[in-house]
Amino acid sequence: MVAIIVAVAVFFAGMGLLGLAAPAALVRPFRIELPSGEARTEVRAVYGGFGVAVAGLLIAAATNIGGIRQGAVVAIAIALTGMAFGRLVGRIFDRPTAFYPIWFYFWVELAAAALLWFAVS
């Protein structure tokens with residue numbers, strides 16, 4: 001159980017650190033351009049800061065600090081499920097056809113959510 005939680009934390013830490021250090025590189029596979037400091041700051045906040053915060057929460061959950069494991073893991077599993085759902089909505093409106101990056105991350109998010117649900121069941 002702890003190994004699953006830590007593995008998902010590592011994924012979020014990687015995304016978060018890349019978002020903080022190189023926001024344009026993080027969103028490049030989605031063909032998003034960041035022409036201004038405001039745009040880069042937004043990616044740093046939403047992908048970077050949020051990713052690092054989620055990683056920290058999952059590490060706290062892995063060690064069960066304050067008995068938060070189940071609540072924290074369920075919250076992140078729900079968030080990942082919501083992210084995957086957003087990609088399905090995108091399929092309806094935007095029809096992405098290539099597997100990478102949209103469908104790749106859909107399956108990563110769905111798998112991570114399923115693993116977290118398994119970890120707290």
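When a residue number appears, it is its place in the shown sequence, counting from 1.
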Undergrad: By the rule that ILVMFWY residues connect when side-chain heavy atoms come within less than 4.5 angstrom, directly or transitively, which residues belong alongside Leu20?
TA: Leu17, Val52
Undergrad: Check whether any side-chain heavy atom of Thr81 lies under 4.5 Å from a side-chain heavy atom of Trp117, and answer yes or no.
TA: yes
Undergrad: Scan for side chain to side chain donor-acceptor pair (under 3.5 Å) pairs involving residues 17-46, sequence neighbours excluded, and state none if there are none.
TA: Ser36-Glu38
Undergrad: For a quick test of your reading: what N or O donor-acceptor pairs under 3.5 Å do the side chains of residues 86-98 make, sequence neighbours left out?
TA:
residue, atom, partner, partner atom, Å
Arg87, NE, Glu109, OE1, 2.8
Arg87, NE, Glu109, OE2, 3.1
Arg87, NH2, Glu109, OE2, 2.8

Undergrad: Could you pull out all residues at least two apart from Ala22 that satisfy side chain to side chain contact (heavy atoms under 4.5 Å, CB included)?
TA: Leu18, Ala25
Undergrad: Between Phe11 and Ile102, is there shared hydrophobic-cluster membership here, with clusters defined by ILVMFWY side-chain heavy atoms closer than 4.5 Å?
TA: yes
Undergrad: If the plane angle is over 60° it's perpendicular, under 30° parallel, otherwise tilted; pick one for Tyr100 and Phe104.
TA: tilted
Undergrad: Taking ring pair (Phe, Tyr, Trp, His ring centres under 6.0 Å) as the test, write out the residues that go with Phe85, two or more places apart.
TA: none
Undergrad: Restricting to non-hydrogen atoms, name the atom on Leu26 and the atom on Gly19 that form the minimum distance, rounded to 0.1 Å.
TA: CD2-CA, 3.7 Å
Undergrad: Is there a path of hydrophobic side-chain contacts, each under 4.5 Å between heavy atoms of I/L/V/M/F/W/Y residues, joining Val74 to Ile5?
TA: yes
Undergrad: Quick test of your reading: applying side chain to side chain donor-acceptor pair (under 3.5 Å), list the pairs with at least one residue in residues 59-72, sequence neighbours left out, ordered by first then second residue.
TA: none
Undergrad: Quick one: list whatever passes ring pair (Phe, Tyr, Trp, His ring centres under 6.0 Å) with Phe99, sequence neighbours left out.
TA: none
Undergrad: Name all residues meeting the side chain to side chain contact (heavy atoms under 4.5 Å, CB included) criterion together with Val54; count only those two or more places apart in sequence or in a different chain, and write none if there are none.
TA: Phe12, Phe50, Leu58, Ile76
Undergrad: With the 4.5 Å side-chain cut-off for hydrophobic clustering, are Leu116 and Val2 part of the same group?
TA: no
Undergrad: Applying side chain to side chain contact (heavy atoms under 4.5 Å, CB included), can you list everything that pairs with Phe118, at least two apart in sequence or on another chain?
TA: Ile4, Ser121
Undergrad: With a sphere of 6.0 Å drawn around CH2 of Trp103, does it hold more than 12 non-hydrogen atoms of other residues, nucleotides or ligands?
TA: yes
Undergrad: Mind checking ring pair (Phe, Tyr, Trp, His ring centres under 6.0 Å) for Tyr47 and listing every partner two or more places apart, or none if nothing turns up?
TA: none
Undergrad: Can you run down the ring-ring contact (aromatic ring centres under 6.0 Å, His included) pairs that involve residues 57-83, sequence neighbours left out, and say none if there aren't any?
TA: none
Undergrad: Residues two or more places apart in sequence or in another chain: which of them pass side chain to side chain contact (heavy atoms under 4.5 Å, CB included) with Ala60?
TA: Ile65, Ile68
